Amino acid sequence: MRHDVLEDIFSRVTGARIFKNRDILRPDYVPDTLPHRDDQIRALGSILAQALKGTKPNNVFIYGLTGTGKTAVTKYVLKRLAEKASELGVPFTYAYVNCRQSDTAYRVLADIAESLGLRIPFTGLSTAEVYRRIVRALNSRRILFTIVLDEIDFLEKGKGENLLYKLTRINEELTATQVSLIGITNDVKFVENLEPRVKSSLGEEELVFPPYNALQLEDILMERAREAFYPGVLEEGVISYCAALAAKEHGDARRALDLLRVAGEIAEREGAEKVTINHVQRARIEIERDRVEEVVKTLPLHAKMVLAAVYILTAPNRNATTGEIYSTYKTLCRAAGLEEVTQRRVSDILNELDMLGIINARVVSRGRYGKTKIVKLSADPDAVVRALKEDFRVGPALSSTSNR
DNA sequence: CTTCCACAGGAACCAGCGGACC
DNA sequence: GGTCCGCTGGTTCCTGTGGAAG
């Protein structure tokens, strides 16, 4: 995202030599070794190894917080298994679906179909039709098929459940092929709310990925840093500092890697010879800022309007209520010549902004004075306002009404 | 103890769009 | 070219509710 062609050229010219291979620190890079995940690799491996004998492996459910290596381990084991299977001449394939990217039943099925080599249009077919095609494709050949549903909790409620139910029962419709499922989630509550029949079927085996502690994160970072950076460019303590920061946030390895990568980028940008702890501190701020701007920029129009209203009403020590926000929002809309949405919708928008971590909304009862949400900005206000101004010109309205 | 504010948030439904099918 | 989809971003109507004021 922050990759900049010119930057590379500049740094080469100015002779900054920080990164040997930056991509190794990217979150989607699957390394050859996964430190401190031997137990999980062994467990998953022994479950899936059934496939090599030509029998269907049990379905697996994998839990663990973000950045605990669930995806990496799963991909790694499946890749190795597929290699082994083709070596042994066992017909085995798998589909990997990220349910956050493909967050509807239709898209999940489309992804699965595509890994089977079917061509499925973006839209236009009914989900039932896609499902039928998958069944037909599976029946026409003889393979063991594993479906990975990563971030399964992102499937919409109701419909998603239906899909899961269907997938757990798909074997009943199949003759030649057997399908096993791997569900991955970081939301423990998701499993609790699952329909019992789906839960029991999907959870034939369960695997828990514990968070990494600071020391383990350090090992991971060391390993990657060796490949990613030139020797000696990391100042003493940088790795353990990244590890410590990420360990505080529930041992998220992705976070740790991001910090290290961005710190390196900052160092390179300013032509420093070494990556220092100060670079890491700035990296933390920059990552957060980028995230906020990215999220705000892609917000729908009225969500931006609502956010602008929140911005105007909240100062460091002042919170806003739903009612206040709604009337400010209406004023903004009128000023911009827009039709305003209902308060009901604004209430939902506030919840959405809360979930995105841009604002902080909690419902309180003020007794006689009713029940409301009190809202404050939780993201960096400067980042918010910068993103708002960029593609939507509330600039003048904001600065003239702003109480900052 | 009751009232009653100021909303929360569920349910159902809708318009309009892009896109594939036949 | 009509028909059928799913998705997004709404709408309408609604019942529910914590706790200060009376």
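Everything quoted here is computed from the prediction, not taken from an experiment. To find a chain, count down the sequence lines: A is the first, B the second, and so on, and within it residues start at 1.
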Item to check | Separation of atom CD in A:E339 from atom C1' in C:dT11, rounded to whole Å | outcome: 12 Å
Next on the checklist: On the nucleotide B:dA6, are OP1 or OP2 found under 4.0 Å from the side-chain N or O atoms that A:T372 carries?
Outcome noted: no
Next on the checklist: Side chains of A:E173 and A:Y131: any donor to acceptor distance under 3.5 Å?
Outcome noted: yes
Next on the checklist: Please check if the number of heavy atoms outside A:R169 that lie under 6.0 Å from its CZ is greater than 12.
Outcome noted: yes
Checklist outcome for this item: A:H302 atom NE2 is separated from C:dT11 atom P, nearest whole Å, by 8 Å
Checklist entry - Whole-Å distance between B:dA8 P and A:K373 NZ? => result 4 Å
Checklist entry - Only one of A:E352, A:E340, A:E339 clears salt bridge (Lys or Arg N to Asp or Glu O under 4.0 Å) with A:R345; which? => result A:E352
Checklist entry - Using a cut-off of 4.0 Å on non-hydrogen atoms, how would the nucleic acid contact of A:Q343 be classed: base, sugar-phosphate, or nothing? => result sugar-phosphate
Checklist outcome for this item: Scanning both residues in full, the closest heavy-atom pair of A:Y212 with A:P35 reads CE2-O, 4.0 Å
Next on the checklist: Can you see if the side chain of A:N351 gets near the phosphate of B:dA8 - specifically, an N or O under 4.0 Å from OP1 or OP2?
Outcome noted: no
Next on the checklist: Quiz question: by atom type and distance under 3.5 Å, do the side chains of A:K373 and A:N351 form a donor-acceptor pair?
Outcome noted: yes
Item to check | Phosphate-side-chain proximity, A:S365 and C:dT17, N/O vs OP1/OP2 below 4.0 Å | outcome: no
Next on the checklist: Without decimals, in angstroms, what is the distance between A:E129 CD and C:dT3 P?
Outcome noted: 20 Å
Checklist outcome for this item: Comparing A:T321 with A:R133, nearest DNA chain B nucleotide closer to 5' gives the residue A:T321
Next on the checklist: Heavy-atom nearest nucleotide on DNA chain C for A:K371 versus A:R368: which residue maps closer to 5'?
Outcome noted: A:K371
Checklist outcome for this item: When rounded to whole Å, the CZ to P distance for the pair A:R362 and C:dT17 reads 20 Å
Checklist entry - According to a strict under-4.0 Å criterion, is A:T322 in side-chain N/O contact with OP1 or OP2 of B:dA8? => result yes
Next on the checklist: Would you say the rings of A:F209 and A:Y63 are close, in the sense that their centroids are separated by under 6.0 Å?
Outcome noted: no
Checklist entry - Looking across every strand, which nucleic acid part, if any, lies under 4.0 Å from A:D348 by heavy atom: base, sugar-phosphate, or nothing? => result nothing
Checklist entry - Is the number of heavy atoms from other residues, nucleotides or ligands within 6.0 Å of CD (A:E114) greater than 12? => result yes
Checklist entry - Roughly how many Å is it from CD1 in A:I374 to C1' in B:dA6, rounded to a whole number? => result 14 Å
Checklist entry - A:R344 side chain: which of C:dG10, B:dA6, C:dC13 is closest? => result C:dC13
Checklist entry - If an axis is fit to five pairs at each end of the helix from B:dC1-C:dG22 to B:dC22-C:dG1, what is the angle between the two, to the nearest 10°? => result 20°
Checklist entry - Within this structure, what is the CE-to-P distance between A:M355 and B:dA8, rounded to whole angstrom? => result 16 Å
Checklist entry - What integer distance in Å separates A:E352:CD from C:dT8:P? => result 11 Å
